[in-house]
Peer 1: 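First the structure, then my questions, so here it is.
If you read the sequence from its start, that first residue is 1, and numbering goes on from there.
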Amino acid sequence: MVRMHTFSIVAADPQAAEWGVAVASKFLAVGAVVPWATAGAGAVATQAWANLSHGPEGLRLLGEGLSADEVVRRLTDADQGRDHRQLGVVDARGRAASYTGGACLAWAGGRTGDRYACQGNLLAGPEVVSAMAKAFEAGAGRPLPERLLAALEAGQHAGGDRRGQQSAALYVVKEGGSYGGYLDRYVDLRVDDDPQPIAKLRELLLLHRLYFGTTDPARLVRLTPEVVAEIQAILGTAGFYRGPVSGAYDEATRQAFRAWASVENFEERWRDDDVADGEVLAFLRRRFGSPQRRGPTA
């Protein structure tokens with residue numbers, strides 16, 4: 001058994017057909033233990049004195065169409081160490097359940113809501129899971145990976161694991177969501193040992209969006225064809241874009257810029273269509289000026 005004092009959230013976006021887990025802990029490589037998910041079935045977080053078999057077995061039961069509540073019941077009924085376990089489960093339809101055994105170290109507990117379950121043990125207090133739930137609910141309409149990460153950040157801000165920070169992970173699945181579309185592993189990011197793992201995870205998600213991500217085109221400013229052509233030339237030189245210029249703008253190029261724009265604190269102005277073309281080009285020239293920078297070739 002692995003002692004896993006941590007806080008996590010499992011959640012689903014059935015409309016986007018995405019399921020995922022975000023987790024943080026004062027424990028080395030928490031992402032190697034807690035998060036489990038299968039596209040079309042659901043997601044599981046197994047922690048406290050973690051029974052790792054709850055991950056694959058929970059996914060098997062979810063794949064058979066069982067509800068989150070029934071999966072938790074089946075797993076814990078068959079586990080003699082159930083009093084030391086903690087589980088979060090969300091099923092294919094977004095039904096969620098959280099379980100905390102009576103012997104988990106305080107503070108320990110969970111909270112469920114519409115399409116999510118938050119749980120944690122050895123936490124600063126119940127405010128951790130409450131803050132996570134509030135942040136997830138407030139992000140309605142945003143992509144699932146961003147909502148999961150926002151919940152993790154809120155939990156840490158509320159005190160998180162009372163021992164401190166060490167590792168964090170974000171795992172989201174969707175059919176054909178991987179690099180090249182070969183697998184369902186849509187977002188799979190881990191910070192295994194870092195003094196500020198959640199902040200580092202945020203940086204990694206921004207990089208992931210740059211290389212492989214997507215965003216709502218309605219939130220992006222429209223650029224002139226001339227500006228788009230230069231953006232594509234810059235990104236092509238940098239190795240991030242190799243496709244042809246198509247129409248007034250190319251969505252993938254604009255997505256790439258927006259990911260970096262959020263790093264530069266442009267996001268609110270970008271959303272409000274208040275970033276001038278000159279700023280766009282100045283930003284890209286500054287960021288991607290080196291032709292030696294490599295792109296998303298594995």
Peer 1: So which atom in Cys118 and which in Ser98 form the shortest heavy-atom distance, rounded to 0.1 Å?
Peer 2: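 Taking every non-hydrogen atom into account, O-OG, 3.7 Å.
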Peer 1: Report the distance from atom CG of Leu149 to atom CG of Leu189, rounding to the nearest 0.5 Å.
Peer 2: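 Spacing of CG (Leu149) from CG (Leu189) equals 9.0 Å.
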Peer 1: Distance-only, no hydrogens or angles: does the Ser167 side chain make a donor-acceptor pair with backbone N or O of Val30 under 3.5 Å?
Peer 2: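 Checking the backbone N and O of Val30 against the side chain of Ser167, a donor-acceptor pair under 3.5 Å is found.
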Peer 1: Under 3.5 Å, side chain of Asp184 to main-chain N/O of Ala39, donor-acceptor pair present?
Peer 2: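 No; judged by distance alone, with no hydrogens or angles, the pair does not exist.
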Peer 1: CG of Asp83 to CZ of Arg85: how many Å apart, nearest 0.5 Å?
Peer 2: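 Taking CG in Asp83 and CZ in Arg85, the distance rounds to 9.5 Å.
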Peer 1: What do the steps show when you test Leu201 against Asp194 for side-chain contact (heavy atoms from CB on, under 4.5 Å), and what is the final call?
Peer 2: CA-CA 10 Å; Leu201 197 62; Asp194 192 273; over 6 Å; no
Peer 1: Looking only at non-hydrogen atoms, find the nearest pair between Val129 and Gly109 and report the distance.
Peer 2: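 What the structure gives for the nearest pair is CG1-O, 4.1 Å.
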Peer 1: Got a donor-acceptor contact below 3.5 angstrom from the Arg111 side chain to the Ala133 backbone?
Peer 2: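 A pair under 3.5 Å: no.
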Peer 1: Verify whether one side chain among Asn51 and His84 offers a donor that lies under 3.5 Å from an acceptor in the other.
Peer 2: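 Checked: Asn51/His84 side chains show no N/O donor-acceptor pair below 3.5 Å.
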Peer 1: Would you mind listing every salt bridge (charged side-chain N to carboxylate O under 4.0 Å, His left out) that reaches into residues 86-97, with sequence neighbours excluded?
Peer 2: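 Listed once each, the pairs are Asp91-Arg95.
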Peer 1: Ile198 and Val187: same hydrophobic cluster, using ILVMFWY side-chain contacts below 4.5 Å?
Peer 2: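 The answer is yes; both residues are in one hydrophobic cluster.
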Peer 1: Would you please test Phe7 and Gln156 for side-chain contact (heavy atoms from CB on, under 4.5 Å) and show each step?
Peer 2: CA-CA 9 Å; Phe7 55 103; Gln156 182 58 45; 3.6 Å; yes
Peer 1: Remaining members of Leu75's ILVMFWY cluster at a side-chain heavy-atom cut-off under 4.5 Å?
Peer 2: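 Besides Leu75, the hydrophobic cluster comprises Trp36, Val44, Leu59, Leu61, Leu62, Leu66, Val71, Val72, Leu87, Val89, Tyr99, listed by chain and residue number.
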Peer 1: Hey, what do you get for CD (Glu146) to CG (Leu170), rounding to the nearest 0.5 Å?
Peer 2: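 Interatomic distance, Glu146 CD to Leu170 CG, rounded to 0.5 Å: 8.5 Å.
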Peer 1: Decide if atom CD of Glu137 counts as having more than 12 heavy atoms of other residues, nucleotides or ligands within a radius under 6.0 Å.
Peer 2: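 Count over threshold, so yes.
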Peer 1: Between Val128 and Gly160, what is the shortest heavy-atom contact and its length?
Peer 2: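 Taking every non-hydrogen atom into account, CG2-N, 3.5 Å.
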Peer 1: Nearest 0.5 Å, what's the CD-CG distance between Gln15 and Leu144?
Peer 2: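 Between atom CD of Gln15 and atom CG of Leu144 there are 12.0 Å.
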Peer 1: Taking all atoms of both residues into account, what is the closest heavy-atom pair of Tyr186 and Pro145, and its distance?
Peer 2: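 For Tyr186 and Pro145, the tightest heavy-atom pair comes out as CE2-CG, 4.0 Å.
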Peer 1: Any salt bridge (charged side-chain N to carboxylate O under 4.0 Å, His left out) pairs touching residues 27-56, not counting sequence neighbours?
Peer 2: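 Sorted result for residues 27-56: empty, none.
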Peer 1: Using modelled atom types and a 3.5 Å cut-off, is there a donor and acceptor pairing between side-chain atoms of Arg142 and backbone atoms of Gly139?
Peer 2: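 Not a single qualifying donor-acceptor pair exists.
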Peer 1: Do Phe27 and Val34 make a side-chain contact, defined as non-hydrogen atoms from C-beta onward lying under 4.5 Å apart?
Peer 2: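 No, every pair of side-chain atoms sits at 4.5 Å or beyond.
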Peer 1: Using a 4.5 Å cut-off on heavy atoms from C-beta on, say whether the side chain of Trp19 contacts that of Pro14.
Peer 2: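 A side-chain contact under 4.5 Å is absent here.
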Peer 1: Start with the C-alpha distance between Ser8 and Gln47, add both sets of side-chain angles, then the distance that settles side chain to side chain donor-acceptor pair (under 3.5 Å), and finish with yes or no.
Peer 2: CA-CA 9 Å; Ser8 68; Gln47 56 200 55; 2.7 Å; yes
Peer 1: Decide whether Leu205 and Val173 are clustered together by the hydrophobic rule: side chain heavy atoms of Ile, Leu, Val, Met, Phe, Trp, Tyr closer than 4.5 Å, transitively.
Peer 2: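 Not linked; separate clusters.
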Peer 1: For residues Val33 and Leu52, report the shortest heavy-atom separation together with the two atoms involved.
Peer 2: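 Looking at all heavy atoms of both residues, the closest pair is CG1-CD1, 3.6 Å.
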Peer 1: Quick one: pull up NE2 in His157 and CD in Glu127 and give me the separation to the nearest 0.5 Å.
Peer 2: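 It is 11.0 Å, given to the nearest 0.5 Å.
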Peer 1: Please find the pair of heavy atoms, one from Ala131 and one from Ala158, that lie closest to each other, and give the distance.
Peer 2: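 Heavy-atom minimum between the residues: CB-CB, 3.8 Å.
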Peer 1: Taking only residues at least two apart or on different chains, which pairs with a member in residues 18-27 satisfy salt bridge (charged side-chain N to carboxylate O under 4.0 Å, His left out)?
Peer 2: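 Residue pairs with at least one partner in residues 18-27: Glu18-Lys174.
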Peer 1: Is Val90 reachable from Val21 through a run of hydrophobic residues whose side-chain heavy atoms are each under 4.5 Å from the next?
Peer 2: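 In one cluster with Val21: Val90, yes.
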Peer 1: Give me each pair satisfying side chain to side chain donor-acceptor pair (under 3.5 Å) with a member in residues 64-75, each pair once, sequence neighbours excluded.
Peer 2: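 Of all non-adjacent pairs touching residues 64-75, those that pass side chain to side chain donor-acceptor pair (under 3.5 Å) are Arg60-Glu64, Glu70-Arg73, Glu70-Arg74, Arg73-Asp77.
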Peer 1: If we ignore hydrogens and angles and just use 3.5 Å, is the side chain of Ser178 paired with the main-chain N or O of Arg185 as donor and acceptor?
Peer 2: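 No; judged by distance alone, with no hydrogens or angles, the pair does not exist.
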Peer 1: How many angstroms lie between atom CD of Glu153 and atom CG of Leu148, to the nearest 0.5 angstrom?
Peer 2: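 These two atoms lie 11.0 Å from each other.
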Peer 1: Arg162 side chain to Ala124 main-chain N or O, any donor-acceptor pair under 3.5 Å?
Peer 2: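 No, because the side chain of Arg162 does not come within donor-acceptor range (under 3.5 Å) of the backbone of Ala124.
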Peer 1: By ring pair (Phe, Tyr, Trp, His ring centres under 6.0 Å), which residues pair with Tyr116, not counting sequence neighbours?
Peer 2: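 For Tyr116 the ring pair (Phe, Tyr, Trp, His ring centres under 6.0 Å) partners, ignoring immediate neighbours, are Phe136.
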